[in-house]
Amino acid sequence: MAIPSYATRGERLWHYAFLGLCALIFLFLIGPLLVIIPLSFNAEPYFTFSEAMLRFDPAGYSLRWYQDFFTSSAWLGAIKNSFIIGIASTILATVLGTIAALGLSSRHMPARGAIMALLISPMIVPLIISAAAMFFFFSKINLAQTYPGVILAHTALGIPFVVITVTATLSSFDTTLIRAAHSLGANPTRTFFKVVLPLVTPGVVSGALFAFITSFDEVVVVLFIAGPEQRTMPIQMWSGIREQISPTILAVATLLVVLSMLLLTTLELLRRRGERLRGLSPG
């Protein structure tokens with residue numbers, strides 16, 4: 001943001017101080033990434049920069065840890081489980097969360113506040129409590145250490161993100177479009193798929209991405225509920241840090257950073273698309 005020409009000296013000083021503070025905070029947040037990413041290319045099995053790396057000697061850099069990741073059955077099995085569980089739980093969370101948000105957007109819904117608080121409670125309740133509760137409940141119904149159990153647990157954690165994003169999108173939705181569709185003979189199902197869903201798609205997809213990220217990064221719940229066959233990527237990283245220290249973890253962390261950047265870029269594009277759609281809305 002440019003400084004107005006009529007700004008006083010104090011305002012200019014505050015402006016530059018604020019920019020400097022923002023830069024320091026950004027550097028503090030991104031600092032670990034600036035260390036992890038180059039270390040993932042270390043040719044030596046160390047978690048520190050070698051002398052060859054500091055000299056920018058090509059011999060000090062290698063793709064051996066990425067090769068180790070893509071040739072390891074343990075790592076590939078973990079990433080396969082993460083995607084299977086993440087995609088399945090995201091689909092369930094998106095469908096259930098969107099239906100819940102549509103119901104909560106209705107003025108005739110009783111106890112809207114209580115239902116909303118119940119739906120977003122997984123975001124508020126400490127995760128260790130939720131994980132312990134899920135473990136005892138799923139153990140009673142024989143879902144512990146099973147894929148359906150882990151998927152349902154991640155679904156419960158992802159639903160709040162879908163509910164919040166879809167509800168926020170529906171807050172600016174023009175309800176006269178629904179009445180117009182009904183007046184033209186469209187039934188509720190056709191109205192939803194032809195009118196409502198296209199306009200709330202940015203919110204639905206954003207919620208789905210948040211649900212997927214939550215599932216993909218989840219550790220605590222998986223530690224309680226999953227068995228050896230449901231070992232996910234975060235659990236494999238956790239075990240790798242505790243049992244065998246290998247720079248392969250740095251390569252995996254770098255790949256996850258790239259994935260997160262792609263997802264965040266997608267979210268930003270969806271946000272801009274949602275703003276354009278709201279600008280074109282007659283309301």
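The residues of the chain are indexed from 1 along the displayed sequence.
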Hey, is the main chain of [Y] close enough, under 3.5 Å, to the side chain of [X] for a donor-acceptor pair?
{"X": "Asn187", "Y": "Arg190", "value": "yes"}
{"X": "Ser121", "Y": "Leu118", "value": "yes"}
{"X": "Thr169", "Y": "Thr165", "value": "yes"}
{"X": "Arg231", "Y": "Gly77", "value": "no"}
{"X": "Thr214", "Y": "Gly158", "value": "no"}

Report the residues that fulfil side chain to side chain donor-acceptor pair (under 3.5 Å) with [X], sequence neighbours left out, ordered by chain and then residue number.
{"X": "Asp68", "value": "Thr248"}
{"X": "Asn81", "value": "Tyr147"}
{"X": "Ser215", "value": "Ser89, His154"}
{"X": "Ser130", "value": "none"}

State, to 0.1 Å, how close [X] and [Y] come at their nearest heavy-atom pair, and which atoms those are.
{"X": "Pro234", "Y": "Val219", "value": "CB-CG2, 3.4 Å"}
{"X": "Gly149", "Y": "Phe138", "value": "O-CE1, 3.3 Å"}
{"X": "Thr94", "Y": "Ala208", "value": "OG1-CB, 3.3 Å"}
{"X": "Gln230", "Y": "Val222", "value": "O-CG1, 4.2 Å"}
{"X": "Met233", "Y": "Val252", "value": "SD-CG1, 3.4 Å"}
{"X": "Ile120", "Y": "Pro160", "value": "CA-CB, 3.8 Å"}

For [X], look at atom [atom1] and say whether over 12 heavy atoms of other residues, nucleotides or ligands are found less than 6.0 Å away.
{"X": "Phe210", "atom1": "CZ", "value": "no"}
{"X": "Phe49", "atom1": "CZ", "value": "yes"}
{"X": "Phe137", "atom1": "CZ", "value": "no"}

same_hphob_cluster([X], [Y]) at 4.5 Å side-chain heavy-atom cutoff:
{"X": "Leu24", "Y": "Trp14", "value": "no"}
{"X": "Ile129", "Y": "Leu127", "value": "yes"}
{"X": "Leu63", "Y": "Ile37", "value": "yes"}
{"X": "Leu255", "Y": "Val35", "value": "yes"}
{"X": "Ile159", "Y": "Leu104", "value": "yes"}

Kindly compute the distance separating [atom1] ([X]) from [atom2] ([Y]), expressed to the nearest 0.5 Å.
{"X": "Ser40", "Y": "Ile249", "atom1": "OG", "atom2": "CD1", "result": "12.5 Å"}
{"X": "Leu259", "Y": "Asp217", "atom1": "CG", "atom2": "CG", "result": "8.5 Å"}
{"X": "Leu143", "Y": "Lys140", "atom1": "CG", "atom2": "NZ", "result": "14.0 Å"}
{"X": "Trp75", "Y": "Gln236", "atom1": "CH2", "atom2": "CD", "result": "5.0 Å"}
{"X": "Leu39", "Y": "Leu34", "atom1": "CG", "atom2": "CG", "result": "11.0 Å"}
{"X": "Leu119", "Y": "Ile115", "atom1": "CG", "atom2": "CD1", "result": "7.5 Å"}

Sub-4.5 Å side-chain heavy-atom contact between [X] and [Y]:
{"X": "Val163", "Y": "Met116", "result": "yes"}
{"X": "Asn42", "Y": "Met53", "result": "yes"}
{"X": "Leu209", "Y": "Thr90", "result": "no"}
{"X": "Val204", "Y": "Val162", "result": "no"}
{"X": "Phe193", "Y": "Pro198", "result": "no"}
{"X": "Leu256", "Y": "Met237", "result": "yes"}
{"X": "Phe41", "Y": "Ser62", "result": "no"}
{"X": "Phe161", "Y": "Ile213", "result": "no"}

For Tyr66 and Thr254, run side-chain contact (heavy atoms from CB on, under 4.5 Å): C-alpha distance rounded to whole Å, both residues' side-chain angles, the deciding distance at 0.1 Å, then the answer. CA-CA 10 Å; Tyr66 291 91; Thr254 301; 3.3 Å; yes
Quick one: list whatever passes side chain to side chain contact (heavy atoms under 4.5 Å, CB included) with Ala131, sequence neighbours left out.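 Scan of Ala131 (side chain to side chain contact (heavy atoms under 4.5 Å, CB included), adjacent residues dropped) gives Val220, Val221, Phe224.
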Pairing residues for Leu21 by the side chain to side chain contact (heavy atoms under 4.5 Å, CB included) criterion, not counting sequence neighbours: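 Testing Leu21 for side chain to side chain contact (heavy atoms under 4.5 Å, CB included), a comparison that skips the adjacent residues, returns Ile25.
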Show your working on side-chain contact (heavy atoms from CB on, under 4.5 Å) between Leu157 and Glu218 and close with a plain yes or no. CA-CA 9 Å; Leu157 298 177; Glu218 175 54 41; 3.8 Å; yes
